[in-house]
Amino acid sequence: MEKKNLFTTLCKTICLLLLIVGSNVIKAQSKGSSEIKIAYGLGTTTDFLNAFTSVFTFGYGPYETGNSGAFVVEYNYAIKDKWIIGTDLVYQQVTREYSDKSTEKSHNYTFAVKSNYNYISKPKFRMYSGLGLGLTLEKSRNPLQSISHFNYQLTGLGIRLGGRLGVSAEAGFGYKGIGNVGLAYSL
């Protein structure tokens, strides 16, 4: 039985090494290329801040009654064959209700710069991770206020499928959400 497990582990290791080496032979995201992407995400840092606010005010603070999710527009530029820099613009609308039954609707705008690294970059498949840093502006009318705070996006795993027009999915944590999916177009 141990020989079978050893053989299975060895086969998996060899396959992984071939995948890594093979991914360096064909490069799809080459230096100087760019793309535009639109995406939709859920579970943003704003959502988590609202949940913690509700918990720590023992029900007397606002609690979220509506959420649009995160609408994302991105521009990405390859400064090296596998290294991408870019910008993110994210919009999210949140509705909160207070204990006195008054409501507040806020509009959250996040502006960020980011960097991604493509582990695998083939003509119709990319796998990457990344980090984005930015500022979120929260504007509401009732009460009239404007708040800004630092925000981030840590993308643990991102995948893009397709050629010039492709689909993408990301898992991470931050202003784009725990998960987001989108469409990307290479320019």
Side-chain angles (χ1 to χ4, degrees), residues 9-49 68-93 107-139 148-187:
T9 304
L10 184 60
C11 285
K12 288 179 182 179
T13 304
I14 290 171
C15 288
L16 181 62
L17 286 173
L18 287 173
L19 181 66
I20 291 170
V21 171
S23 70
N24 290 319
V25 175
I26 301 172
K27 297 177 181 173
Q29 185 74 27
S30 59
K31 181 178 177 181
S33 63
S34 59
E35 74 176 5
I36 294 176
K37 182 165 93 169
I38 56 170
Y40 179 76
L42 294 171
T44 67
T45 47
T46 300
D47 297 337
F48 282 92
L49 287 172
S68 69
F71 295 96
V72 184
V73 176
E74 301 180 26
Y75 173 76
N76 299 313
Y77 179 78
I79 59 173
K80 298 220 177 212
D81 283 342
K82 292 189 173 195
W83 188 17
I84 312 300
I85 60 170
T87 59
D88 291 334
L89 173 60
V90 182
Y91 171 77
Q92 181 176 13
Q93 180 178 304
H107 303 274
N108 301 305
Y109 305 92
T110 301
F111 306 94
V113 294
K114 68 171 180 189
S115 179
N116 290 341
Y117 180 77
N118 293 320
Y119 297 108
I120 299 174
S121 186
K122 295 195 177 204
K124 296 198 180 209
F125 177 77
R126 281 202 316 255
M127 186 169 71
Y128 57 91
S129 292
L131 176 67
L133 302 173
L135 184 69
T136 296
L137 304 170
E138 182 177 337
K139 295 183 176 257
S148 63
H149 61 86
F150 168 79
N151 214 334
Y152 65 94
Q153 175 68 34
L154 177 62
T155 302
L157 177 65
I159 294 174
R160 184 188 189 280
L161 300 170
R164 186 170 198 125
L165 179 64
V167 295
S168 66
E170 295 179 351
F173 185 74
Y175 53 78
K176 293 195 289 185
I178 291 175
N180 70 75
V181 294
L183 292 172
Y185 182 76
S186 297
L187 302 174

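Just so we're clear, the structure is a prediction, and the values are computed from it rather than from any experiment.
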Next item on the list: For residues N116 and W83, report the shortest heavy-atom separation together with the two atoms involved.
Entry: O-CD1, 3.4 Å
Checklist line | Rounded distance (nearest 0.5 Å) linking atom CD1 of I159 with atom CE of M127 | finding: 7.0 Å
Item checked: The single option from D88, V90, L89 passing side chain to side chain contact (heavy atoms under 4.5 Å, CB included) against E74 -> D88
Item checked: Closest contact, heavy atoms only, K114 versus N76 -> CE-OD1, 2.8 Å
Note to self: Just so I know, are the side chains of D47 and Q92 near enough to count as touching, which here means a heavy-atom distance under 4.5 Å?
What the structure shows: yes
Note to self: Can a donor-acceptor pair be found, under 3.5 Å and without considering hydrogens, that links the side chain of K82 to the backbone of Y119?
What the structure shows: yes
Check: Within the distance-only criterion (no hydrogens, no angle test), does the side chain of Q153 pair as donor or acceptor with the backbone N or O of K176 below 3.5 angstrom?
Finding: yes
Next item on the list: For a side chain to side chain contact (heavy atoms under 4.5 Å, CB included) with H149, tell me which candidate from T110, L137, T136 qualifies.
Entry: T136
Item checked: Flag side-chain contact, heavy atom, 4.5 Å: F150 against L133 -> yes
Notebook entry, point to check: Does the side-chain contact (heavy atoms from CB on, under 4.5 Å) test come out yes or no for L135 and Y109, once each step is laid out?
Noted result: CA-CA 8 Å; L135 184 69; Y109 305 92; over 6 Å; no
Item checked: I178 side chain near F48 side chain, heavy-atom distance below 4.5 Å -> yes
Checklist line | Approximate separation, where rounding is to 0.5 Å, of L154 CG and Y175 OH | finding: 10.5 Å
Check: Rounded to the nearest 0.5 Å, how far apart are CG of L183 and CD of E35?
Finding: 11.0 Å
Note to self: I'd like to know whether R160 forms a side-chain contact (heavy atoms from CB on, under 4.5 Å) with K37, so could you lay out the CA-CA distance, the side-chain angles of the two residues, the decisive distance to 0.1 Å, and finally the verdict.
What the structure shows: CA-CA 11 Å; R160 184 188 189 280; K37 182 165 93 169; over 6 Å; no
Next item on the list: State, yes or no, whether a side-chain contact exists between E170 and Y128 at a heavy-atom distance under 4.5 Å.
Entry: yes
Next item on the list: Identify the two heavy atoms, one from G156 and one from S129, that lie closest to each other, and give their separation to 0.1 Å.
Entry: O-OG, 2.6 Å
Item checked: Student check: side-chain heavy atoms of Y185 and R164 closer than 4.5 Å -> yes
Notebook entry, point to check: What are the two closest non-hydrogen atoms of S34 and Y77, and how far apart are they?
Noted result: CB-CD1, 4.0 Å
Notebook entry, point to check: Considering all heavy atoms of both residues, which atom of Y75 and which atom of L187 are nearest to each other, and what is their separation?
Noted result: CE1-CD1, 4.1 Å
Note to self: Can you confirm whether the side chains of T46 and N108 place a donor and an acceptor under 3.5 Å from each other?
What the structure shows: no
Notebook entry, point to check: Considering all heavy atoms of both residues, which atom of G69 and which atom of L42 are nearest to each other, and what is their separation?
Noted result: CA-CD2, 4.0 Å
Item checked: 4.5 Å side-chain heavy-atom contact, V113 and I85 -> no
Notebook entry, point to check: Is the closest side-chain heavy-atom distance between H107 and Q93 below 4.5 Å?
Noted result: yes
Notebook entry, point to check: Judged by atom type as modelled, is there a donor-acceptor pair below 3.5 Å linking the side chain of S168 to the main-chain atoms of L161?
Noted result: no
Notebook entry, point to check: What do the steps show when you test Y40 against F71 for ring-ring contact (aromatic ring centres under 6.0 Å, His included), and what is the final call?
Noted result: CA-CA 5 Å; Y40 179 76; F71 295 96; 5.2 Å; yes
